[in-house]
A.B. asks: 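Okay, here's the structure, questions in a sec.
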Amino acid sequence: MNTTHSAELFRTAQKYIPGGVNSPVRAFGAVGGTPIFFTRGEGAYLFDVDGNRYLDFVASWGPLILGHRHPAVLEAIEKTLRKGTSFGAPTEEEIALAQKVAEMVPSVECVRMVNSGTEATMTAIRLARALTERDKIVKFTGCYHGHADAFLLQAGSGVATLGIPGSPGVPKALAADTFLSPYNDLDALKELFRLRGTEIAAVIVEPIAGNMGTVPPQPGFLDGLRTLTQKSGSLLIFDEVITGFRVSEGGAQKLYGIQPDLTCLGKIIGGGLPVGAVGGSCRLLHALAPAGSVYQAGTLSGNPLAMAAGLATLETLRKEAVIPRLNRTAETFADALQTAIHTKGFPIQLNQVGSMFSLFFCEKPVSDFKTASQTNTALYARFFHKLLERGVYFPPSAFETVFLSAVMTQNDLQIALEAIVGSLEEIFQ
Ligand code: PMP
């Protein structure tokens, strides 16, 4: 596979952009080689600057559940674009999207739009701290909630990929307000609440972890969080930036039947443009300015282009009952993959929930960050490049989720299955 032009571009990019990229994992640091520079996406496929084509299992890290250039999304963007890109003033589009989110996500009545998942989680904890008049928050090891100071401790995603426990630049005093607890370990959390419960403003969790690879919640874990937080007067925040509008129309909270106090959204809600959101009951959300006194603002928040792309995406998901169909397709794909893993005796683990999945190169089941960290990242790197040579684009890190999109055909998935099994055979031969 020729990637000469990508390599040239990467050399130039490194002169002008730190590390040559605008988000760390993109740099291929964890898998080696040169990041691929893309020019175009079409449905389930990506095309690079050297003319190679790839079946895309990254989907821009989740937003593109409908694939690249979905006609309904493109049309909505084009139509809105002709009227202007941003007014910094209220528009009808924002109401339509907020209303749609409230209809779809069970615990959400009222929504504040922001521009990224990071802004959503920052806003959610500020709100929780203001409402409870407490300072501490709890996050789980290996979960990632964006790059705000409070969350960069034992975080997943790029933080795990780079193998750093936190980040320089986060004040010690601020880090001290974040308690860490292991994912899927209710007893550890109970102990933390026994000791410090009255200081805890909120527990924030990825209801299905996606940033240490895919790690589902064990039965009783999310229920336990709900009970513990309720008892101690803390808020439960579901970070559904990945799971929202993906694992079900109403996210993980609908799938598991648990109502968090606050929900953070991102990715799919923007249909490929930058959007995030915080939602919850009107009682809680009305604490945000100008209804209340908790300050939060944004120059481009709720801009009509992003609202139109998000609304077209959510409407398409609903109208065409995309998610149940995608989940069934994903289930069949995962079953076939699991059968191949079992039959061939590959020493790897497959975790899957709906259209999210991960392959861990380790022998024991993965249920938290400790077990996820046993994955052999060198083997993952070899696997990643073998897939790339076969025209299949997986995330360039062992600690990320692989996404199926609704535009992948049976034929695409058969090709992917053969590429995955073929790559694994070469690695384990
Ligand atoms: N929360 C979760 C669960 C995420 O996966 C991410 C991004 N991958 C974020 C928050 C941060 O979102 P953004 O990159 O849009 O700031």
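Side chains included, hydrogens not; waters and symmetry mates left out as well; all remaining heavy atoms used. If you're wondering where the values come from, they're calculated on a predicted model, not measured in any experiment.
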A.B. asks: Quick check on ring pair (Phe, Tyr, Trp, His ring centres under 6.0 Å): which of F369, Y144, F221 does Y183 satisfy it with?
C.D. replies: F221
A.B. asks: With a cut-off of 6.0 Å (strictly less than), are more than 12 heavy atoms of other residues, nucleotides or ligands near NE2 of H70?
C.D. replies: yes
A.B. asks: Supply the atom-to-atom distance I137 CD1 to D177 CG, rounded to the nearest 0.5 angstrom.
C.D. replies: 8.0 Å
A.B. asks: Establish, from distance only, whether the side-chain atoms of E103 and Q99 form a donor-acceptor pair under 3.5 Å.
C.D. replies: no
A.B. asks: If you draw a 6.0 Å radius around CD in E75, do more than 12 non-hydrogen atoms from other residues or ligands fall strictly inside?
C.D. replies: no
A.B. asks: If you take all heavy atoms of A312 and A72, which pair is closest and at what distance?
C.D. replies: CB-O, 3.7 Å
A.B. asks: As an exercise, state the distance from OH of Y45 to NE2 of H68, rounded to the nearest 0.5 Å.
C.D. replies: 11.5 Å
A.B. asks: Taking only residues two or more places apart in sequence, or in another chain, which ones meet A148 in a side-chain contact (heavy atoms from CB on, under 4.5 Å)?
C.D. replies: T118, M122, F151
A.B. asks: Counting neighbours of CZ on R69 that are heavy atoms of other residues, nucleotides or ligands and sit closer than 6.0 Å, is the number greater than 12?
C.D. replies: no
A.B. asks: Which residue, V114, N115, L305, V275, forms the side chain to side chain contact (heavy atoms under 4.5 Å, CB included) with L300?
C.D. replies: N115
A.B. asks: Grab the two heavy atoms, one from N184 and one from S367, that are nearest each other, plus how far apart they are.
C.D. replies: ND2-O, 2.8 Å
A.B. asks: Write out all pairs satisfying side-chain hydrogen bond (donor to acceptor under 3.5 Å, both in side chains) with one or both partners inside residues 337-346, taking only residues at least two apart or from two chains.
C.D. replies: K344-E425
A.B. asks: Output all residues satisfying side chain to side chain donor-acceptor pair (under 3.5 Å) with S281, sequence neighbours left out; order by chain, then residue number.
C.D. replies: none
A.B. asks: Answer yes if the ring centres of F38 and Y393 are under 6.0 angstrom apart, and no otherwise.
C.D. replies: yes
A.B. asks: Kindly indicate whether the side chain of E93, heavy atoms from C-beta on, has any atom under 4.5 Å from the side chain of L311.
C.D. replies: no
A.B. asks: Please determine, by modelled atom types, if T332 and D335 share a side-chain donor-acceptor pair under 3.5 angstrom.
C.D. replies: no
A.B. asks: Between S423 and R390, is any pair of side-chain heavy atoms under 4.5 Å apart?
C.D. replies: yes
A.B. asks: With sequence neighbours excluded, what pairs up with F384 under the ring pair (Phe, Tyr, Trp, His ring centres under 6.0 Å) test?
C.D. replies: F28
A.B. asks: Taking all non-hydrogen atoms of both residues into account, name the closest pair between L273 and A309 and its distance.
C.D. replies: CD1-CB, 4.0 Å
A.B. asks: Which residue is it: T178, L152, T121? I am looking for the one with a side chain to side chain contact (heavy atoms under 4.5 Å, CB included) to K139.
C.D. replies: T178
A.B. asks: Checking F383 against I348 for the side chain to side chain contact (heavy atoms under 4.5 Å, CB included) test, could you report, in this order, the C-alpha distance in whole Å, the side-chain angles of both residues, the deciding distance, and whether it holds?
C.D. replies: CA-CA 12 Å; F383 173 65; I348 63 171; over 6 Å; no
A.B. asks: Verify side chain to side chain contact (heavy atoms under 4.5 Å, CB included) between E249 and L317, making sure each step is shown before the conclusion.
C.D. replies: CA-CA 8 Å; E249 277 187 5; L317 289 178; 5.5 Å; no
A.B. asks: With side chain to side chain contact (heavy atoms under 4.5 Å, CB included) as the test, would you mind laying out the steps for L359 and Y380 before giving the verdict?
C.D. replies: CA-CA 9 Å; L359 290 171; Y380 182 84; 5.7 Å; no
A.B. asks: From I415 CD1 over to M408 CE, what is the distance, rounded to the nearest 0.5 angstrom?
C.D. replies: 11.0 Å
A.B. asks: Once rounded to the nearest 0.5 Å, what's the spacing between atom CG of L288 and atom SG of C110?
C.D. replies: 8.0 Å
A.B. asks: If you measure from CG on L189 to CD1 on I200, what distance do you get to the nearest 0.5 Å?
C.D. replies: 7.0 Å
A.B. asks: Are a donor atom and an acceptor atom from the side chains of T123 and R112 found within less than 3.5 Å of each other?
C.D. replies: no
A.B. asks: With sequence neighbours left out, what residues match E199 under side chain to side chain donor-acceptor pair (under 3.5 Å)?
C.D. replies: R196
A.B. asks: Can you give me the closest heavy-atom contact between V31 and S397, atom names plus distance?
C.D. replies: CG1-N, 4.2 Å
A.B. asks: Quick one: are N327 and V247 in side-chain contact, heavy atoms under 4.5 Å?
C.D. replies: no
A.B. asks: Measure the OG1-CZ distance between T375 and F399 for me, rounded to the nearest 0.5 Å.
C.D. replies: 6.5 Å
A.B. asks: Please give me the minimum heavy-atom distance between D261 and L284, naming the atom from each residue.
C.D. replies: O-CD1, 3.7 Å
A.B. asks: Which residues pass the ring pair (Phe, Tyr, Trp, His ring centres under 6.0 Å) test with F428, sequence neighbours left out?
C.D. replies: F346
A.B. asks: Please check if any side-chain donor atom of R126 sits under 3.5 Å from a side-chain acceptor atom of Q296, or the reverse.
C.D. replies: no
A.B. asks: Are D185 and K190 ion-paired here, with the side-chain N under 4.0 Å from a carboxylate O?
C.D. replies: no
A.B. asks: Testing K254, E240, Q253, Q259 one by one against S107 for a side-chain hydrogen bond (donor to acceptor under 3.5 Å, both in side chains), which residue passes?
C.D. replies: Q253
A.B. asks: One pair to check against side chain to side chain contact (heavy atoms under 4.5 Å, CB included): N211 and I242. What are the steps and the verdict?
C.D. replies: CA-CA 9 Å; N211 284 292; I242 286 181; 3.9 Å; yes
A.B. asks: Is any side-chain heavy atom of T141 closer than 4.5 Å to a side-chain heavy atom of D368?
C.D. replies: no
A.B. asks: Considering only heavy atoms from C-beta outward, does the side chain of L285 approach that of L262 to under 4.5 Å?
C.D. replies: yes
A.B. asks: Are any of the side-chain nitrogens in E315 or R318 under 4.0 Å away from the carboxylate oxygens of its partner?
C.D. replies: no
